[in-house]
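Reading through the structure tokens given below for one structure.
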Amino acid sequence: MSVTLRPYQQEAVTRVLDWFRQTSQPGLLCLPTGAGKSLVIAELARLARGRVLVLAHVRELVEQNAAKYAAYGLEADIFSAGLGKKEAARQVVFGSVQSVVRHLEHFEDAGFTLVVIDECHRISPQEDSGYQKILAFLHQLNPQLKVLGLTATPYRLGQGFIYYRHLQQQAVRGTEEAFFQACLYELPLRWMVSKGYLVKPVKMDMALLAYDFSALTPQASGHFSQDEMQAVVDSSRITPAIVADLQRRAEKRQGVMVFCASVRHAREVASLLPEEATALITGELKSSEREALIRQFKRRELKYLVNVSVLTTGFDAPHVDVIALLRPTESVSLYQQILGRGLRLSPETDKQDCLLLDYAGNPWDPWAPEIADPKPKGATELVQVLCPACGFANSFWGKTTADGEVIEHYGRRCQGWLDGVDDQAGQACDFRFRFRTCPECGGEADIAARSCPHCDAILIDADQQLKQALQLRDARVLRVSGMTLEVCLNGRGLKRLKVSYYDEEGLSLSDWYGLETPAQRQVFEKVFLREHLRAPGLQWSPQTPEEVIANQEYLRYPDFVIARKLHKKHWRIQKKLFDYQGRYRTGIAAG
């Protein structure tokens with residue numbers, strides 16, 4: 001049987017080959033669920049000169065990937081206890097990570113040149129994790145081992161992006177410590193839908209008919225407690241109404257997958273759906289029973305498939321055209337994995353779209369999963385911010401005016417990547433939108449940094465600075481709750497911008513700035529605007545105090561101001577603390 005790759009699949013393969021001709025650093029491909037990652041894996045395995053190990057975390061993916069390779073008329077071994085096979089002699093081996101890590105002696109071969117990891121966002125940075133043990137073992141045998149990851153969701157709870165830089169976008173996304181050094185190729189969901197490779201997701205938020213999970217916070221593991229989710233379900237008592245609404249909206253649909261908060265919740269939901277058309281799948285079900293029910297569902301003998309945290313990956317039923325979320329999703333990654341179950345093409349049923357019914361108030365946008373930072377509270381949206389240093393168009397969470405003008409964003413550092421010149425390596429743009437200044441060398445560091453990246457000096461954290469100032473008799477610490485701007489005249493009759501900071505009890509500290517000369521405006525931009533702008537990096541150079549006052553909606557005030565007494569009478573502001581996150585209470589906004 002011959003297999004023809006789609007153009008984007010061939011492009012992905014080409015990008016991988018180009019990368020590994022240059023380096024042995026790990027790289028990844030980001031392809032949406034339904035894009036045919038298995039075919040890409042099969043083609044790479046076919047082209048490889050050495051031995052190849054393809055790893056997945058569930059047996060369904062092991063079996064699926066091996067089947068696509070067999071479609072080339074080639075033979076491979078399968079090493080998976082769940083599939084009843086432990087073979088590792090052929091050039092290409094498809095294995096489950098759990099089985100391989102327990103039997104590394106079967107893989108003691110320096111001939112392994114490539115490891116491919118499906119759903120690679122599951123790789124833990126911990127050295128004692130299964131994936132890391134396998135890679136360390138094979139890397140000892142072959143220091144030039146290539147490692148390729150594939151995922152639809154390249155981010156991880158508590159970590160953010162799992163790769164450092166994005167080759168297509170010439171952008172920095174994660175940290176230098178990320179396991180994967182680069183995203184070699186990515187296809188956004190919107191592109192896949194527009195080209196007809198996936199069906200369109202149609203999201204419907206049920207604001208008037210939804211559980212309120214907003215008070216829940218993830219546990220240390222990063223996941224919500226099933227007991228806490230069940231408590232919300234029990235207290236709301238709207239499950240029957242939700243299930244009735246679901247049935248009404250899915251009346252003319254082919255296949256419905258329902259994701260529930262707990263086993264008890266799933267049982268209740270299943271009991272409210274037509275018995276003859278419904279299957280309930282939980283982790284408690286025997287494998288043989290689960291497989292039998294899934295086969296019935298895929299043959300469309302059942303319409304509703306109700307589950308709890310079981311069918312989020314490795315499940316392929318193209319006819320699914322309704323996804324019902326009756327649970328909160330802790331991350332955009334889980335949300336995208338669930339949504340992906342319904343986006344595959346289904347020529348057999350002529351599916352046109354997939355209805356996403358969200359009865360849990362999840363905040364994620366199906367079209368914009370590219371940003372891993374949690375969305376801030378309030379009316380925030382993705383905004384584009386140009387870097388003043390390199391011109392890169394950054395995507396940050398922020399706020400805009402009614403005309404679409406950016407007035408605030410929460411970005412810290414430019415995400416741009418600068419190509420090297422001649423034989424020099426490239427590097428990340430070093431412009432910081434928000435920063436703290438090193439008192440030793442004057443260099444800029446991330447607001448959360450503990451040491452200076454330029455001179456390695458230890459940076460005193462905000463709490464320590466406040467504690468030290470509070471112990472001084474000639475220092476004043478203001479817990480700022482408001483800021484005012486006004487035009488004043490100095491002793492020579494020249495206009496000055498007076499900036500006053502107030503606490504909750506009306507105490508104040510003030511600064512004065514002149515703007516009549518280029519030098520004064522340069523100082524004003526450096527010592528005031530860069531810290532006070534709600535959208536740092538904004539190309540704004542006010543010429544007069546009046547202009548600053550007229551546009552003060554662009555400005556923010558600090559959380560704390562520290563001043564020292566000058567000549568036993570006047571106070572001089574020495575430090576302003578922004579973006580404070582510590583143990584001291586911040587002020588309540590005046591107004």
Side-chain angles (χ1 to χ4, degrees), residues 32-34 121 151-160 188-190 193 198-219 221-236 238-239 241-243 245-246 249-250 256-262 265-266 269 305-313 315 320-343 353-382 397:
T33 301
H121 59 276
T151 181
T153 53
Y155 9 78
R156 185 175 171 85
L157 270 175
Q159 179 183 342
L189 175 61
R190 195 180 297 279
V193 171
L198 294 175
V199 300
K200 180 181 179 180
V202 179
K203 182 181 180 182
M204 302 189 70
D205 293 307
M206 309 306 179
L208 301 178
L209 189 63
Y211 303 108
D212 183 7
F213 293 106
S214 60
L216 296 188
T217 55
Q219 300 173 297
S221 64
H223 300 285
F224 291 125
S225 160
Q226 283 202 0
D227 289 341
E228 291 181 3
M229 288 193 289
Q230 182 63 49
V232 171
V233 171
D234 290 342
S235 64
S236 61
I238 60 172
T239 301
I242 285 176
V243 175
D245 183 75
L246 164 60
R249 295 179 186 275
V256 182
M257 292 185 70
V258 186
F259 292 83
C260 296
S262 67
H265 183 212
V269 170
L305 199 58
V306 182
N307 84 106
V308 184
S309 303
V310 176
L311 304 176
T312 56
T313 57
F315 179 83
V320 170
D321 53 4
V322 178
I323 299 291
L325 274 169
L326 278 67
R327 57 153 294 170
T329 53
E330 300 91 336
S331 67
V332 66
S333 178
L334 177 58
Y335 180 84
Q336 287 294 121
Q337 292 288 347
I338 290 174
L339 175 59
R341 301 310 105 202
L343 299 185
D353 58 32
C354 177
L355 193 59
L356 175 59
L357 305 175
D358 190 350
Y359 297 99
N362 287 288
W364 315 111
D365 181 352
W367 300 107
E370 293 87 358
I371 192 161
D373 296 324
K375 184 177 182 180
K377 292 182 179 178
T380 55
E381 59 185 290
L382 284 176
W397 291 113

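Worth knowing before you read on, the calculation uses all heavy atoms, side chains too, and leaves out hydrogens, waters and symmetry mates.
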Point to revise | CZ on Arg341 to CG on Leu305, rounded to 0.5 Å | key: 12.0 Å
Point to revise | Set of ring-ring contact (aromatic ring centres under 6.0 Å, His included) partners for Tyr211, sequence neighbours left out | key: Phe213, His265
Exercise for review: May I have the step-by-step check of side-chain contact (heavy atoms from CB on, under 4.5 Å) for Arg249 and Val322, ending in yes or no?
Suggested key: CA-CA 9 Å; Arg249 295 179 186 275; Val322 178; over 6 Å; no
Review point. What pairs with Val193 under side-chain contact (heavy atoms from CB on, under 4.5 Å), at least two apart in sequence or on another chain?
Key: Leu189, Leu198, Lys200, Pro201, Trp367
Study note, to complete from the structure: Between the CG atom in Leu246 and the OG1 atom in Thr239, the distance rounded to the nearest 0.5 Å is 11.5 Å
Check your understanding: By side-chain contact (heavy atoms from CB on, under 4.5 Å), which residues pair with Asp321, not counting sequence neighbours?
Key -> Arg253, Gln254, Lys351
Review point. Which atom pair, heavy atoms only, marks the closest approach of Val308 to Cys260?
Key: CG1-O, 4.0 Å
Practice item. Would you name the heavy atoms of Ala360 and Ala210 that are closest together and state the gap between them? Key: N-CB, 4.5 Å
Exercise for review: Taking all non-hydrogen atoms of both residues into account, name the closest pair between Gln337 and Thr33 and its distance.
Suggested key: OE1-OG1, 4.2 Å
**Study point:** Heavy-atom pair of closest approach, residues Pro366 and Gln336
**Key:** O-OE1, 3.5 Å
Exercise for review: Could you tell me which non-hydrogen atom of Asp245 sits nearest to which non-hydrogen atom of Met206, and how far apart they are?
Suggested key: OD2-CE, 4.2 Å
Study note, to complete from the structure: Residues at least two apart in sequence or cross-chain that pass side-chain contact (heavy atoms from CB on, under 4.5 Å) with Asp234, listed by chain then number, are Gln230, Arg264
Check your understanding: Residues in side chain to side chain donor-acceptor pair (under 3.5 Å) with Ser214, at least two apart?
Key -> Asp212
Exercise for review: Sequence neighbours left out, what passes side chain to side chain donor-acceptor pair (under 3.5 Å) with Ser333? Give chain and number order.
Suggested key: Thr153
Review point. For the residue pair Pro328 and Met229, what are the closest heavy atoms and their distance?
Key: CD-SD, 3.5 Å
Practice item. Quick one: pull up CH2 in Trp397 and CG in Leu382 and give me the separation to the nearest 0.5 Å. Key: 4.0 Å
Point to revise | salt bridge (charged side-chain N to carboxylate O under 4.0 Å, His left out) partners of residues 322-331, not counting sequence neighbours, each pair once | key: Arg327-Glu330
Exercise for review: Working to the nearest 0.5 Å, report the span between CG of Asp358 and CE of Met204.
Suggested key: 11.5 Å
Study note, to complete from the structure: Those residues at least two apart in sequence (or on a different chain) that pass side-chain contact (heavy atoms from CB on, under 4.5 Å) with Cys354 are Val199, Ile323, Leu343
Revision key, fill the gap. Sorted by chain and residue number, the side chain to side chain donor-acceptor pair (under 3.5 Å) partners of Thr329 (sequence neighbours excluded) come out as Asn362, Trp364
Check your understanding: Rounded to the nearest 0.5 Å, how far apart are CD1 of Ile338 and CG of Asn307?
Key -> 8.0 Å
